[in-house]
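Structure record follows, encoded as structure tokens.
The analysis underlying the following values was restricted to heavy atoms, covering all of them including side chains, and did not include hydrogens, waters or symmetry mates.
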Amino acid sequence: MNPLPLSHLVAAVRPGAIRGRVDRAVTELCYDSRAVRPGAAFFAQPGAHVDGHRFIDDAVAAGAVAVVHSLELSSLPLSGHRPGVTWIRVADPAAALSAAAAWVFWHSRPGRGVAGGAGACFFGHPCRELTMVGVTGTNGKSTTAWWIYGLLRALQVPAGLISTVGVDYGAGLVPNPEHVTTPLAVEMHAALRAMVDAGLHTAVVEASSWALAGGSKRLADLRFDSGVLTSFSHDHLELHGTAEAYLAAKLNLFRALRGCGGGGGGSAIAPPHLVRQVRAVTTRPVYAFGIADAEGAGGESWACSAAGGGDGGVRGAVPFTLHLDGEAVPASLAARGRFNLDNCLAAASVVARQCGVPAAGLSGPIGALRLPPGHLEAVELGQPFQLIVDYAHTPEAFSATLSLLAQQARGRGGRVIAVFGSAGERDLHKRAMQGRVADRFADLIVLTDEDCRGEDPAAILREIAAGCSGRSEGDDLIMEVDRRAAIARAVAAARGGDVVALLGKGHEASMIGPDGARPWDERAAAEDALRTAGWG
């Protein structure tokens, strides 16, 4: 790989102390000792479960020529003297990695998914050469980011996407190769540089609360032109501790909004009940979005509203009226659910503000939008019941999705069969809440594994079941840890007119257990269950 002057990296991270030579070169930036190759600079970051300082020996043995650390050199857990290594002490290795990554573009290694040949060189902050649109929120951020990207492309704006459900760095849209919403700093800046090199104009970035939290630093050296807050409800208290801290992390997106970029106008978009909180942290204009018959609709702060259409059905287009800056035009969205209409309005509002497009110019592109993979996705092999794969995994998303599916099933004299679990080593409080929501809307609940990580999956199911009051295990409540077997049991129990809802995994391509990730395809598992049951 092309060498990088270590003295330049030192200038980027602003260390408190240096021991060793700086007149040498490094070939890449690494935060995982298993990925270190000769010539790398290793950043010893404290992690959620382990401290990167523990792996300095491994990194140096693999060929690291520089180590960025926060502990005193004398207290580092080294097995012996390590001559020839440059030691760079900083206050926060995660912040240092973000600052360095903003300077450095690292071309792809196998499996990284970033276009380009081997090699590395210094570049200046690629986000400064792009119009940056950030999307955050408890629910709806994946769909909203997907639709912003779709609207921009329909309007002939060369746009890239970094999202849970897909990425486009300039070489075309592909599934997200990682089981993560927002990449770490090195991958993030590499992706943005690839977008610049591909001639893209705008980057749409889905920003998780993990990435926006103060300790993460994944987005610390990015600035956005526009930001969208889709929603806020219970989630990720295992990381943030309180709802107030969780919201504060989301608002970090708006605290760092810069002025307009790329010839458009930068702005902040939020639901009506969160406009006040967003306005408190940014000087950029803040616009609300929502449905016209929602509480508080019609105020001057509304950028978009909709009338008519309701929830529609599980299939079919939802007609509505798009209101923007005093203009009202008819439109139609080929997606089910009131929540998706909200997501569409948020996407339309930010695109209109960023690109200066009137409502009339958005009606046609909105009609061409489709839901991203794994979001209310129907699996059909000729069975007399509906089978839906959906990414819903929070209590609020459960309520929105299951209420819609229950309305459809009840209208056909059918039942709702819900298959889901709850992620291990994540928010414990939401598990019983998920159970209570499913208890309200589902006739049969099948609890199963969903990324148990290091936790006992059976124990997770018992915590969810605590919210399913008055149900009899083996009757209207089934506990089946094996997800493939759970899907098969749900399909076997389904009758004509029913809706089987597979919740939580959606588009994700892996299942994370105690031994790490293994490949997983929810749709393929559903098709296998249908074929085994004699359909297709």
Do [X] and [Y] meet the criterion of a side-chain donor-acceptor pair at a distance under 3.5 Å?
X      : Y      : value
Thr394 : Asn139 : yes
Thr136 : Lys250 : yes
Thr164 : Tyr391 : no

Note, [X] side chain near [Y] side chain (heavy atom, < 4.5 Å):
X      : Y      : result
Leu503 : Val419 : no
Phe224 : Val133 : no
Leu502 : Ile487 : yes
Phe289 : Asn343 : no
Glu377 : Leu371 : no
Ser98  : Arg218 : no
His375 : Val165 : yes
Asp498 : Val416 : no

Donor-acceptor pair, distance only, cut-off 3.5 Å: does the side chain of [X] make one with the backbone of [Y]?
X      : Y      : result
Arg223 : Ala220 : yes
Asp482 : Arg484 : yes
Thr242 : Ala245 : yes
Arg284 : Ala268 : no
Gln434 : Phe398 : no
Arg412 : Phe385 : no
Gln408 : Leu405 : no
His429 : Asp427 : no
Asp225 : Met132 : yes
Lys505 : Asp390 : no

Within this structure, what is the [atom1]-[atom2] distance for the pair [X] and [Y], rounded to the nearest 0.5 Å?
X      : Y      : atom1 : atom2 : result
Thr230 : Glu206 : OG1   : CD    : 9.0 Å
Asn176 : His507 : CG    : NE2   : 7.0 Å
Leu161 : Ile148 : CG    : CD1   : 9.5 Å
Leu345 : Leu322 : CG    : CG    : 7.0 Å
Leu152 : Cys355 : CG    : SG    : 5.0 Å
Glu380 : Glu527 : CD    : CD    : 11.0 Å

- Query: Quick check: are there more than 12 heavy atoms from other residues, nucleotides or ligands sitting under 6.0 Å from CZ of Arg440?
  - Reply: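 Atom CZ in Arg440 is not packed in, count stays at 12 or less.
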- More than 12 heavy atoms of other groups within 6.0 Å of Arg370 CZ: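 Correct, the count exceeds 12.
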- Residues that Phe254 engages under ring-ring contact (aromatic ring centres under 6.0 Å, His included), provided they are two or more places apart: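 Once residues adjacent in sequence are excluded, Phe254 has no partner under the ring-ring contact (aromatic ring centres under 6.0 Å, His included) criterion.
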- Item | From CA spacing to verdict: side chain to side chain contact (heavy atoms under 4.5 Å, CB included), Ser231, Glu396 | CA-CA 10 Å; Ser231 63; Glu396 183 184 45; 4.1 Å; yes
Which pair of non-hydrogen atoms, one from [X] and one from [Y], has the smallest distance, and what is that distance?
X      : Y      : answer
Ser363 : Pro330 : OG-O, 2.7 Å
Ala494 : Val500 : CB-CG2, 3.7 Å
Leu257 : Gly227 : CD2-N, 3.8 Å
Leu222 : Cys127 : CD2-CB, 3.7 Å
Gly421 : Glu450 : O-OE1, 3.3 Å
Val204 : Ala145 : CG1-O, 3.7 Å

- Task: Could you note down all residue pairs passing side-chain hydrogen bond (donor to acceptor under 3.5 Å, both in side chains) where residues 145-154 supplies at least one of them, sequence neighbours left out?
- Result: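 Qualifying pairs: Tyr149-Asp168.
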- Query: side-chain contact (heavy atoms from CB on, under 4.5 Å) with Val437: which of Ser399, Cys468, Ser403?
  - Reply: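 The single option meeting the side-chain contact (heavy atoms from CB on, under 4.5 Å) with Val437 is Ser399.
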- In sequence, state the C-alpha distance, the side-chain angles, and the governing distance for Ile269 and Ser267, and then conclude on side chain to side chain contact (heavy atoms under 4.5 Å, CB included). CA-CA 7 Å; Ile269 310 296; Ser267 60; 4.0 Å; yes
- Task: With sequence neighbours excluded, tell me which residues meet side chain to side chain contact (heavy atoms under 4.5 Å, CB included) with Ser208.
- Result: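 Testing Ser208 for side chain to side chain contact (heavy atoms under 4.5 Å, CB included), a comparison that skips the adjacent residues, returns Thr181, Thr182, Trp210, Ala211.
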- Which residues pass the side chain to side chain contact (heavy atoms under 4.5 Å, CB included) test with Ile460, sequence neighbours left out?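 Ile460 satisfies side chain to side chain contact (heavy atoms under 4.5 Å, CB included) with Ser422, Arg431, Cys452, Glu455, Ile464 once adjacent residues are dropped.
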- Item | Asp443 and its salt bridge (charged side-chain N to carboxylate O under 4.0 Å, His left out) partner, picked from Arg471, Arg495, Arg410, Arg415 |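 Passing option: Arg410.
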- Just grab all the ring-ring contact (aromatic ring centres under 6.0 Å, His included) pairs involving residues 435-492, residues at least two apart or on different chains.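 Every pair satisfying ring-ring contact (aromatic ring centres under 6.0 Å, His included) with a residue in residues 435-492: there are none.
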- Message: Listing request: all ring-ring contact (aromatic ring centres under 6.0 Å, His included) pairs with a residue in residues 457-500, at least two apart in sequence or in separate chains.
- Response: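 Of all non-adjacent pairs touching residues 457-500, none passes ring-ring contact (aromatic ring centres under 6.0 Å, His included).
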- Mind running side chain to side chain contact (heavy atoms under 4.5 Å, CB included) on Leu151 and Leu369 for me, showing each step along the way? CA-CA 8 Å; Leu151 290 175; Leu369 293 176; 4.1 Å; yes
- Test Phe339 against Leu404 for side chain to side chain contact (heavy atoms under 4.5 Å, CB included), laying out the working first. CA-CA 10 Å; Phe339 52 95; Leu404 172 64; 4.3 Å; yes
